[in-house]
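Below is one structure; the comments refer to it alone.
Naming convention: chains lettered A, B, ... in sequence-line order (proteins, then strands); numbering from 1 in each chain.
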Amino acid sequence: MPTKFQSKVYEVCKKIPKGRVSTYKEIARKLRTKAYRAVGSALNKNPYAPIVPCHRVVNSDGFVGGFASGIKKKIKLLKSEGIKIKKNRINNFGKVIFKF
DNA sequence: GCTTTGACTCTCG
DNA sequence: TCGAGAGCCAAAG
């Protein structure tokens, strides 16, 4: 059982609809906190691997931050959901971005 | 219990 | 437009 903070992060992540992405910043804001980095760390642990779509979370500028199983894997997953990726960056970022 | 670190973000030169 | 530096919070060592 992760910490309460982490659980909240996972809760929010699960709400991200398919074919859309969100940012660490938005998640942090949803939680009423500024712990952007802590959000990233929480997703890095990600005990609910298949349940929580952590691959739909990227940096605030559309750059694909990182992924525990490799950045390539993350991009592949996103592309399979209809999101266009180019050079580790989201195409049409702002159109696929999901804000809370 | 203090120190370090990280899948981040913003500001400034 | 781009790179470097500082700030931020929570978790792990």
Side-chain angles (χ1 to χ4, degrees):
Chain A
M1 184 69 178
T3 68
K4 202 161 188 179
F5 174 79
Q6 292 174 338
S7 298
K8 286 189 172 190
V9 174
Y10 304 136
E11 281 293 319
V12 178
C13 283
K14 282 191 293 185
K15 293 176 183 172
I16 302 175
K18 183 183 171 220
R20 292 290 162 87
V21 296
S22 188
T23 68
Y24 299 97
K25 181 186 168 190
E26 286 299 322
I27 294 174
R29 190 164 54 172
K30 175 67 178 179
L31 299 180
R32 310 295 191 277
T33 180
K34 297 149 192 103
Y36 318 113
R37 313 194 69 159
V39 172
S41 296
L43 291 177
N44 180 252
K45 316 257 175 126
N46 193 19
Y48 309 98
I51 299 90
V52 178
C54 51
H55 58 274
R56 295 184 190 148
V57 185
V58 297
N59 290 24
S60 64
D61 57 353
F63 180 80
V64 181
F67 199 60
S69 304
I71 187 64
K72 291 268 192 176
K73 196 82 175 183
K74 183 171 181 176
I75 294 175
K76 206 168 187 177
L77 284 168
L78 289 172
K79 290 177 89 173
S80 66
E81 291 186 350
I83 299 175
K84 304 291 191 294
I85 309 278
K86 182 180 179 182
K87 294 184 177 166
N88 296 357
R89 283 196 178 269
I90 308 281
N91 282 3
N92 302 335
F93 184 68
K95 297 198 175 179
V96 295
I97 180 70
F98 178 73
K99 296 176 182 176
F100 293 97

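- A:Asp61 has its side chain within reach of A:Arg89: a pair of non-hydrogen atoms, C-beta onward, lies under 4.5 Å apart.
- The A:Leu43 side chain lies nearest to B:dA7 when the options are B:dC8, B:dA7, B:dG6.
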Checking salt bridge (Lys or Arg N to Asp or Glu O under 4.0 Å) for the pair A:Arg29/A:Glu26: CA distance, chi angles, key distance, verdict? CA-CA 5 Å; A:Arg29 190 164 54 172; A:Glu26 286 299 322; 2.6 Å; yes
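- For the pair A:Tyr10/A:Asn46, a side-chain contact is recorded, criterion being any heavy-atom separation below 4.5 Å from C-beta on.
- Of the options A:Val57, A:Val96, A:Val64, a side-chain contact (heavy atoms from CB on, under 4.5 Å) to A:Val21 is made by A:Val96 and by none of the others.
- Rounded to an integer number of Å, the gap from A:Tyr24 OH to B:dC8 P is 6 Å.
- For the OP1/OP2 pair of B:dT9 and a distance below 4.0 Å, the side-chain nitrogens and oxygens of A:Asn59 include at least one atom meeting the criterion.
- Going from atom CG of A:Asp61 over to atom C1' of B:dA7 covers 13 Å, rounded to whole Å.
- Between A:Lys25 and A:Asn44, it is A:Asn44 whose nearest contact on DNA chain B lies nearer the 5' terminus.
- A heavy atom lying under 4.0 Å from DNA chain C marks none of the residues of residues 71-100 of chain A.
- Contact footprint of chain A on DNA chain C: nucleotides with an atom under 4.0 Å from a non-hydrogen protein atom, first to last in 5' to 3' order, C:dG7 to C:dA12.
- Residues A:Gln6 and A:Pro2 come closest through the heavy atom pair OE1-CB, 2.9 Å.
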